[in-house]
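A quick write-up on the structure given underneath.
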There are 2 protein chains.
Amino acid sequence: MLGTKHSGSPGDVWLRPPARAAREAPPLSRDRIVAEAIALLDEEGADRLTMRRLAERLGTGSTTLYWHVKTKNDVLDLALDAIFAAVEIPRADGQDWRAGIAALISGWRAVLLEHPWSAALLGRPMLGPNVLARSEFLYATLLGAGVTGPHLTAAAYGLSNYVIGSALMQATWTAGGEQATRAAAQDRFRADRERYPVLATHGPLAADSDWDSSFALGLTWLLDGIHATVGASMPACATDEASVSAARHARRGRGSSGE
Amino acid sequence: MLGTKHSGSPGDVWLRPPARAAREAPPLSRDRIVAEAIALLDEEGADRLTMRRLAERLGTGSTTLYWHVKTKNDVLDLALDAIFAAVEIPRADGQDWRAGIAALISGWRAVLLEHPWSAALLGRPMLGPNVLARSEFLYATLLGAGVTGPHLTAAAYGLSNYVIGSALMQATWTAGGEQATRAAAQDRFRADRERYPVLATHGPLAADSDWDSSFALGLTWLLDGIHATVGASMPACATDEASVSAARHARRGRGSSGE
DNA sequence: TCGAGGACCGGATCAATGGTCCGGTACTCG
DNA sequence: CGAGTACCGGACCATTGATCCGGTCCTCGA
């Protein structure tokens with residue numbers, strides 16, 4: 001009798017996890033799902049994110065996720081917004097608006113590059129609180145600097161779109177596409193040298209191409225242009241220490257993604 | 001005898017398609033597949049493109065496509081490159097390089113907006129002949145204008161990334177997301193008015209936001225910045241037929257200060 | 001003390017999709 | 001005329017997002 005298997009309905013008591021001890025972590029919150037999704041995306045890329053995979057990493061069943069989240073798209077939207085929490089919003093500073101904006105934009109770019117999968121998700125409406133808060137800062141700072149009306153819209157758009165495009169492009173050619181792609185492209189250029197002579201020598205894959213400084217340069221141009229519209233007296237293309245340090249900031253890090 | 005059925009092996013001759021007449025079009029070429037894919041994408045959007053659907057529209061079996069194309073990604077890559085054939089490359093003109101570049105960039109943008117699904121595909125390496133030819137023109141024109149070294153890279157990158165980001169953003173908020181999304185966003189802004197005061201009134205969905213002129217303005221800023229790097233003695237703002245208008249007079253007056 | 005209700009979990013299952021296997025058909029060329 | 005080749009497609013498979021429905025555990029009031 002002692003050894004008898006008496007068949008409790010779902011398995012033996014002793015084989016079952018001791019009640020709630022199995023779930024040491026809080027039962028499984030939206031936040032945990034999002035955090036794990038980001039980790040998974042960082043490690044394996046966008047196309048490897050599966051609900052089953054994600055569930056497995058969380059030690060739960062795949063269908064359980066749907067209790068906390070409506071669709072997979074929700075997970076992506078939440079993850080996308082979540083990473084922008086790492087972009088610190090500069091202190092509002094009426095004096096040096098350029099520095100503030102440059103810092104924000106550079107931080108934005110740094111985050112996008114730290115999570116290369118995010119670039120591919122930029123084609124969806126970003127309405128999360130983190131994104132909105134930073135957009136708010138951008139608009140407010142520009143407005144405070146005297147940029148108004150159509151110029152305000154154009155300035156905000158120009159800056160955002162520039163970061164987005166830059167990050168997307170860079171993520172495509174560095175993190176996203178492995179070196180294989182890049183090498184193949186290089187070969188392609190060389191092979192069709194007579195067809196694309198300039199590209200072959202000065203193209204984007206040329207030796208002197210430096211993503212960070214190129215980005216900083218373009219940012220300076222945009223800021224200069226915006227600056228000029230407010231009718232300030234400073235020259236349009238001055239030495240801009242702000243964006244230079246911004247580029248430095250963007251290149252740094254990578255090792256410790258302070259959360 | 002005339003009415004006799006003599007039973008050709010697989011069905012009657014008259015019931016069988018007259019040999020090759022059934023396929024009026026060339027049997028099914030890569031080009032036809034790509035063209036139909038573009039049509040399908042234009043009509044129904046990116047996520048509705050299925051190999052089966054595509055095959056059905058072509059009046060063929062889905063698996064047949066794989067004879068002409070290796071994967072679905074190939075179809076997307078080919079389609080993406082194909083639409084850029086519509087961007088006409090301006091005549092090389094040593095004099096007015098700004099006009100040429102502005103035309104190219106604007107054409108690029110126009111194509112991206114005409115095929116909103118393309119924006120979502122920008123995150124993949126674009127190495128097709130059409131794209132390369134236009135990049136070649138961009139680099140060559142800049143080089144001919146005296147933009148060299150890091151400035152050349154930065155200029156080409158800035159311009160490309162700006163178009164890409166702009167198109168991606170606009171496609172997200174107009175064609176891609178239906179008005180529903182936009183209206184919801186509008187509501188969101190209004191609801192959180194105290195949290196995002198500036199966004200609520202001056203935000204991207206404000207009444208005076210005009211995609212086209214905003215884009216033109218930003219493009220002018222970039223071109224001005226590029227112009228300034230060539231060491232010409234002219235002030236950074238030059239005569240540019242279409243896009244300038246607004247930005248000009250703002251900087252006009254005190255241009256004497258500094259350089 | 002108990003039992004009803006709700007928060008939370010997951011196995012079985014479905015439909016859609018990208019892609020492969022393999023056997024066909026029709027045309028061409030020697 | 002027979003073999004080779006370009007081309008086609010039905011059957012099939014694994015993966016994936018998502019749902020159904022039945023379970024388990026906790027809470028809270030009577």
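Values below: every heavy atom of this structure, side chains too, minus hydrogens, waters and symmetry copies. Chain identifiers are assigned alphabetically (A, B, ...) following the order of the sequence lines, protein sequences preceding nucleic acid strands; residue numbering begins at 1 within each chain.
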Quick one: does T201(B)'s side chain get under 4.5 Å of R193(B)'s, heavy atoms only?
yes
If you define the side chain from C-beta out and look only at heavy atoms, does anything of L219(B) sit under 4.5 Å from L159(B)?
yes
With a 4.0 Å limit, can you tell me whether [X] has a side-chain N or O closer than that to the phosphate oxygens OP1/OP2 of [N]?
{"X": "W67(A)", "N": "dC8(C)", "result": "no"}
{"X": "T50(A)", "N": "dT16(D)", "result": "yes"}
{"X": "H68(A)", "N": "dC9(C)", "result": "yes"}

What is the distance, to the nearest angstrom, from the [atom1] atom on [X] to the [atom2] atom on [N]?
{"X": "N73(B)", "N": "dG18(C)", "atom1": "CG", "atom2": "P", "result": "10 Å"}
{"X": "E56(B)", "N": "dA16(C)", "atom1": "CD", "atom2": "P", "result": "13 Å"}
{"X": "L65(A)", "N": "dT19(D)", "atom1": "CG", "atom2": "P", "result": "13 Å"}
{"X": "Y66(B)", "N": "dC13(D)", "atom1": "OH", "atom2": "C1'", "result": "13 Å"}
{"X": "D47(B)", "N": "dA16(C)", "atom1": "CG", "atom2": "P", "result": "15 Å"}
{"X": "K72(A)", "N": "dA16(C)", "atom1": "NZ", "atom2": "P", "result": "18 Å"}
{"X": "L54(B)", "N": "dG18(C)", "atom1": "CG", "atom2": "P", "result": "10 Å"}
{"X": "I33(A)", "N": "dG10(C)", "atom1": "CD1", "atom2": "P", "result": "11 Å"}

Need to verify one output field. Residue with the more 5' nearest nucleotide on DNA chain C, R52(A) or G61(A)?
G61(A)
What does [X] touch in the nucleic acid at a heavy-atom separation under 4.0 angstrom: a base, only the sugar-phosphate, or nothing?
{"X": "L58(B)", "value": "nothing"}
{"X": "T64(B)", "value": "base"}
{"X": "T63(B)", "value": "base"}
{"X": "S62(B)", "value": "nothing"}

Distance col, row R109(B):CZ vs I164(B):CD1, nearest 0.5 angstrom, shows 14.0 Å
Salt-bridge test for D81(A) and R134(A): reply yes if a basic N is under 4.0 Å from a carboxylate O, no otherwise.
no
Is a donor on one side and an acceptor on the other found under 3.5 Å between the side chain of E36(B) and the backbone of L58(B)?
no
